[in-house]
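Following: one structure in C-alpha cells, then a few remarks.
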Amino acid sequence: MNQMVNTVHLTKDYKKNRGIFDMNLQIKQGEVVGIVGKNGAGKTTTMRTLMGFIHPTDGYSEIRGLNSWSQASKTKRMIGYVPGEIAFPDTKSGETFLNNQLKLLRASKDTYVNDLIQRFKIDLTADIKRMSKGMKQKTALVCAFMTKAPLLLLDEPTTGLDPVMRDAFIDLVLKVKANGTTVFLSSHMFNELERTCDRILFLKDGKVIDVVDQNKFETIHSFQKVKIQTSTSEGFQKILTSFSETSHVNSENHEITVLISNTKVATLLVLLQDIEIDDISFDTQTLDNYFEKELQVK
Amino acid sequence: MSFPLLKQTFKSNFAVWGLVTLVMNIILAQLIMMKQTRTMMAPMYYGMLVSTMVALFVVICGNKLLAGQVDQGSMAYILTAPIRRTTVAFTQMIYMVLSLVGTYGLMAIVSVSANNIADAGFKAQTLVNLNIGAFMVAFAFAGIMFAASGIFNLSKYSLGTGGLLIILFILLAIVGSFATYGVDALKDVQHLTIVSLFDYQNILIEGSKWISKLAVLGGIGVVTFGIGTTVFAKKDLPL
Ligand SMILES: Nc1ncnc2c1ncn2[C@@H]1O[C@H](COP(=O)(O)OP(=O)(O)O)[C@@H](O)[C@H]1O
Ligand SMILES: [Mg+2]
C-alpha cells in the first residue's frame, strides 16, 4: 500500500481547547484530500506539523514512513508547500525570487516552470514588495508546484485568487492528480474543495468531526434545498406541518426553506398543487448547507 | 553548509555590510593619517567607535539572519527546500563570521597602509593586534545577537534582548572609559561590559594580558552561536 501521509494520535495542544487533537489521518498516494474548518479550527497547525515546523505535543506524523519532525530534511524532499501566510524575502522581482528558490531546490527553470508561470499569468518583472495578495498567492503556488514533489501541502491555496485563477488552480490540481501527485489542501470555503477532492475532512476546534467521501458526496447531492414563498399563511402552515426538516422559516413573509431528498420531491409537488405560490426555487444541496447543519448538531 | 543560501544571504545583506565597512575604514584611515588625531586614534577608535559602528551591522543583520525571516514568514521558503535547520543556522553563522573577518581584515590592511603612507609611527604588529582584538568584540556581539535571533520568532523580541544587551555593553564601555581620564569611581563599570575584554591599552604597550581576555570574548561568541543554532533547530516555527 502506498501510504503518503500517516498521522497517529497527532496532537498539538496549545491549551484552552486550541490546536489539533488526536488526529488519525491516512492519505494514499494519488489522493486529493481537503480539510475544511472555520478560522482557528487548526488547519494551519495541521500543515505546519506535517511540514516538521512544529513539534507535536502527542502522537506523530509520517510522510512515506519518515517522521515529519525528526526526519524533516528528508521528508521535505517529497513536499511542495504553500504556507498559510505568504511573505517573500526581500528580493527585487518575482523572477529573482523564483530563481533563488530553484537554486535552493537545486533545480533549474524548465518548461514545466514556464508552463506554471503562464498558467497563472504571472508578471515576473513586478516588484515583489508591490505585489497584490493574489499575485503573491499565485507566485507561492508556482513555488510549490515547481518542486514536482509527490506530495503537495497547500494551506488555503486560493486565498486572494479571482474566479478565473481559482479555476486555473483547480485544473492544475486535477492535472497533477492524474499524474499521481498526492494533494492535501485546506480551505475555509466549504464548496471550493468539492471539485477536486476525493475526501474532505471537517475540522472543528482541532478535531476531525466528519469525513465526506464519494458516497457521502452523492448522498449530500441527492437532497434538494427548496425555497418557497406562499401567498397565504394557510399554505405556509401546510408546508410547515408536512415537512419537518426546514433550514429557514420566516412566518411574516410566508417564506420557508425545506430540505428533501430527491425521491420526496414528487410528494412536495403534489402538496404544492393546492397552495398558491409567490416564489419557488430548487437547489441541489451543497457542502455548505451540509456543514452548516452539522455544525448546529455537533 | 548551503552555498545557494550563503549567496542569498550575502546579497541581501551586502548594502548594510558594505556601508558600515566603508565608513569604519574611512574613519580609521583618517585618524591615522591626520597628525592631530594620531595620539587619540587608539582610545577614540578602538576604545569606542569601532564597537559602536560594528554593532549597527551586527544587530541589523543578526536579527535578519533568523528571527527577522521567521517573523516575516519568508523563512518558510528556505525551509521547504530539503535543508536541515542546523544547516540553515550554520550557513547564516558562517556568513556573519566571514563578513566580520572581511571587515576587520580590510581594516588591518587599511590601517597598516595608512600608517606606512603617513609615516604615523605605529608598529604594524600593534595595528594588526588592535584589529584582532576589535574583531573579537564583534564576534562576541555577533554571537549574542545570533542567539537572540535563533531563540525568538519575533524581531521585536530578538532586537529587544540581543540588540539591547549589545547597546548596553557599549554604553557601559563609554561610561567606563572615563576612568582612564581620572574618574576612578568609574573603574568598576568596566567590569560590567564585555567590551573592556578588548584591552587595547595593553596591546599598545605590547603587553600579553590582552590575549587571555580575548579568549574570553571568543568563548562567549562560540557559546552564543551554539545556543542560537541549537534553539533554532529545536523550536516550533510559525511558518
Ligand atoms: N503558537 C501558538 N500558540 C498558541 N496558540 C496557537 C498558536 N498557533 C495557533 N494557535 C491557536 O490554535 C488554533 C488553531 O490555529 P490555526 O491552525 O492557525 O487555525 P486555522 O489555520 O484553521 O485558521 C487557533 O485558536 C490559534 O489561535
Ligand atoms: Mg490558517
Side-chain angles (χ1 to χ4, degrees), chain A residues 12 14 19 44-45 47-57 63 66 69-92 96-107 128-129 136 139-140 142-144 146-147 149 151-155, chain B residues 1-18 60-92 95 149-155 229-239:
Chain A
K12 180 70 187 183
Y14 284 126
T44 299
T45 307
M47 295 290 178
R48 283 174 179 165
T49 316
L50 292 177
M51 280 302 288
F53 289 157
I54 57 181
H55 189 271
T57 44
I63 310 293
L66 296 175
W69 173 261
S70 59
Q71 290 173 295
S73 68
K74 290 204 185 89
T75 59
K76 272 180 241 165
R77 224 177 278 279
M78 302 181 254
I79 306 177
Y81 179 55
V82 169
E85 275 163 53
I86 314 277
F88 296 133
D90 304 325
T91 51
K92 277 191 234 68
T96 330
F97 169 62
L98 282 184
N99 285 337
N100 282 346
Q101 202 56 28
L102 282 165
K103 276 183 207 140
L104 276 181
L105 297 166
R106 298 181 194 283
I128 208 156
K129 283 182 212 79
K136 281 189 185 155
T139 311
V142 172
C143 259
M146 76 183 185
T147 59
L151 171 65
L152 296 174
L153 297 178
L154 314 175
D155 195 359
Chain B
M1 197 181 64
S2 159
F3 279 105
L5 178 61
L6 187 68
K7 218 171 123 191
Q8 281 178 33
T9 306
F10 178 79
K11 271 193 188 158
S12 67
N13 289 292
F14 185 76
V16 183
W17 176 81
I60 293 174
C61 168
N63 176 59
K64 218 167 110 184
L65 290 179
L66 298 172
Q69 293 192 68
V70 172
D71 189 356
Q72 195 199 5
S74 56
M75 183 60 82
Y77 293 93
I78 297 172
L79 287 177
T80 41
I83 283 185
R84 294 152 67 96
R85 285 198 210 173
T86 19
T87 311
V88 172
F90 190 71
T91 306
Q92 305 294 60
Y95 165 75
S149 196
I151 292 170
F152 297 104
N153 290 336
L154 294 174
S155 285
T229 304
T230 315
V231 176
F232 182 74
K234 293 214 171 111
K235 70 177 174 177
D236 281 356
L237 291 169
L239 300 170

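Residue numbering restarts at 1 for every chain, and letters A, B, ... go by the order of the sequence lines.
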* Asked: Do any of residues 229-239 of chain B have a heavy atom less than 4.5 Å from a heavy atom of chain A, and if so, which, in residue order?
  -> A233(B), K234(B), K235(B), D236(B), L237(B), P238(B), L239(B)
* Structure fact -> With chain B, the option among K12(A), E85(A), M78(A) that has the most non-hydrogen atom pairs under 4.5 Å is K12(A)
* Under 4.5 Å from any heavy atom of chain A - which part of Q8(B) -> side chain
* Considering only heavy atoms, which portion of A140(A) lies under 4.5 Å from any heavy atom of chain B: side chain, backbone, both, or neither? -> both
* R85(B) (side chain) donor-acceptor with F53(A) (main chain) under 3.5 angstrom -> yes
* **Heavy-atom closest contact (Q101(A) atom, T80(B) atom, distance)** => NE2-OG1, 3.7 Å
* **Heavy-atom pairs under 4.5 Å with chain B, option from A87(A), G80(A), A72(A) with the top count** => A87(A)
* Structure fact -> Of the listed N100(A), L105(A), T75(A), the one with the largest count of heavy-atom pairs under 4.5 Å with chain B is N100(A)
* Asked: Under a 4.5 Å cut-off applied to non-hydrogen side-chain atoms, are L104(A) and I78(B) in contact?
  -> yes
* To do: For the pair Y77(B) and F88(A), name the ring-plane relationship: parallel under 30°, tilted 30 to 60°, perpendicular over 60°.
  => tilted
* If you take all heavy atoms of K103(A) and P4(B), which pair is closest and at what distance? -> O-CG, 3.7 Å
* Which answer fits K74(A), side chain, backbone, both or neither, if we ask what part of it has an atom under 4.5 Å from a heavy atom of chain B? -> neither
* Asked: How close do S74(B) and P89(A) get, heavy atom to heavy atom, and via which atoms?
  -> CB-N, 3.4 Å
* **Selection from M47(A), R48(A), K76(A), R77(A) maximising heavy-atom pairs under 4.5 Å formed with chain B** => R48(A)
* Asked: So with a 6.0 Å cut-off around CZ of F14(B), is the heavy-atom count from everything else above 12?
  -> no
* Partner chain B: residue of I54(A), D155(A), T45(A) with the largest heavy-atom pair count (under 4.5 Å) -> I54(A)
* Asked: Out of curiosity, K11(B) NZ to D90(A) CG, how far, rounded to the nearest 0.5 Å?
  -> 14.0 Å
